[in-house]
Amino acid sequence: MRSIDAFPPARPGSSAFRALLLLSCGLLASCSAFRSATAPLETRLTPSACTAAADTLVVMLPGAYSSPDEFVQEGMLAAIGERRLAVDVLTVDAPLAYYQRGTVFDRLRDDVFAPARARYRSVWVLGISVGGLGALAYSDKQPGELAGIVALAPYLGERLTGTEISNAGGLRRWRVPQRELGNDERLWRRLQRYGNEPTSAELPPLYLGYGVDDRFAFSHRLLADALPPERVFTTPGGHDWPQWRALWRAILPTLPLPACAG
């Protein structure tokens, strides 16, 4: 596990702060979302600055109330340019309404990943908060399709399931209930494979980053224990862009992404 320096606390007016307020009332409950779910998903492609024929795509999935513009404003794309990586970037507008309606998988499949796989050899995903949940859930339904996932402060379901896992001695020792599973349990069953089947070809490499004071850090630590330590990154602070920026910049140099020639 790698720890990085502290950054300023959450800004009360930021989208991440608004997302945190939403999460406090139950992320997938019937809270009102600011933006509706439309079809198809709105996306924006930023081509690589060093090649006209990138064979790798990085898809960025935002948090509950974040917009694709924030990936630019917060320097997430700039960090890729500074590393001189030969990748295209696709930012996706996938607000909470898609998750509430249960349409996020279909929209991601049809509007994002099917076209991406037709054009690119390798597709990576950066998912923040609920976007991390979206990336992990998509990988569960489409095993072996993604080249890798970076999950920053991912929402991993209600604490009740996490507590059951913790009481069992951790994710590796947790016994999946022998009954019809709920959404949270299905997600954790998939994540358990990272600890018990680390070489499975169906599991894309998973990089986890979170603030140690994040309100969901309890769940993050459960997942971290099942991952290789070199793929877990932490920073002081909570659930906001200063932490996510720092984590992204720390994780990027460790990813097996193609570099620009010369």
Side-chain angles (χ1 to χ4, degrees), residues 1-29 31-35 60-79 91 94-96 99 125-137 149-163 165-166 171 184 187-188 191 206-227 229 231-252 254:
M1 182 182 298
R2 309 184 191 186
S3 178
I4 56 181
D5 294 337
F7 273 70
R11 304 181 304 278
S14 70
S15 64
F17 187 89
R18 295 195 300 272
L20 189 55
L21 293 178
L22 170 73
L23 293 167
S24 69
C25 73
L27 184 56
L28 300 182
C31 304
S32 296
F34 287 143
R35 289 178 290 129
M60 294 188 174
L61 301 180
Y65 284 163
S66 291
S67 71
D69 291 340
E70 290 182 78
F71 285 116
V72 177
Q73 296 164 4
E74 299 293 342
M76 309 298 268
L77 272 69
T91 55
L96 185 66
Y99 297 85
V125 183
L126 163 64
I128 296 177
S129 190
V130 71
L133 170 65
L136 294 169
I149 297 173
V150 178
L152 301 185
Y155 177 73
L156 299 176
E158 296 182 2
R159 189 177 177 110
L160 177 61
T161 305
T163 300
I165 293 171
S166 179
L171 190 54
D184 293 354
L187 174 64
W188 282 108
L191 296 176
L206 173 58
Y207 295 76
L208 172 67
Y210 63 95
V212 295
D213 299 315
D214 193 299
R215 72 173 282 140
F216 304 115
F218 174 78
S219 297
H220 300 153
R221 287 191 290 269
L222 291 174
L223 175 55
D225 287 342
L227 298 176
R231 292 183 181 171
V232 178
F233 296 74
T234 63
T235 186
H239 197 82
D240 201 0
W241 278 108
Q243 288 73 47
W244 304 336
R245 286 197 308 265
L247 291 163
W248 180 234
R249 289 181 176 273
I251 293 172
L252 257 183
T254 73

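Keep in mind that what you see is a predicted model, and the values were worked out from it rather than measured. Hydrogens, waters and symmetry mates are skipped; everything else that's a heavy atom, side chains included, is used.
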If you take all heavy atoms of Arg249 and Gly75, which pair is closest and at what distance? NH2-O, 3.7 Å

Is the shortest heavy-atom distance from the side chain of Pro154 to the side chain of Leu208 under 4.5 Å? yes

Pairing residues for Tyr207 by the ring pair (Phe, Tyr, Trp, His ring centres under 6.0 Å) criterion, not counting sequence neighbours: none

If you look at every heavy atom in Ser219 and Trp188, which pair is closest and at what distance? O-CH2, 3.5 Å

First locate atom CZ of Phe218, then atom CD1 of Ile165, and finally report the distance between them rounded to the nearest 0.5 Å. 8.5 Å

What closest approach, in Å, do Leu247 and Gly211 show between heavy atoms, and which atom pair accounts for it? CD1-N, 4.3 Å

Could you report the tightest heavy-atom contact between Ala153 and His239, atom names first, then the distance? O-CE1, 3.5 Å

Can you list the steps and then say if Leu77 with Thr91 is a side chain to side chain contact (heavy atoms under 4.5 Å, CB included)? CA-CA 9 Å; Leu77 272 69; Thr91 55; 4.1 Å; yes

Less than 4.5 Å apart, any side-chain heavy atom of Leu223 and any of Leu206? yes

Should Arg159 and Phe216 count as side-chain neighbours, where that means a heavy-atom distance under 4.5 Å? no

Closest heavy-atom contact between Val130 and Tyr99? O-OH, 3.3 Å

Donor on one side chain, acceptor on other, Glu74 and Trp244, under 3.5 Å: no

Pairwise distance CG(Leu152) to CZ(Phe233) - rounded to 0.5 angstrom: 10.5 Å

With a 4.5 Å cut-off on side-chain heavy atoms, are Leu222 and Leu156 touching? no

Check whether any side-chain heavy atom of Leu187 sits under 4.5 Å from a side-chain heavy atom of Thr161, and report yes or no. no

Atom of Leu61, atom of Gly131 and distance for their closest heavy-atom approach: CD1-O, 3.7 Å

Only one of Val232, Leu171, Leu191 passes side chain to side chain contact (heavy atoms under 4.5 Å, CB included) with Leu227, and that residue is Val232

Please state whether the rings of His220 and Tyr210 are parallel, tilted or perpendicular, taking 30° and 60° as the class boundaries. tilted

Taking the side chain as C-beta and beyond, is there a heavy-atom pair between Ile128 and Met76 under 4.5 Å? yes

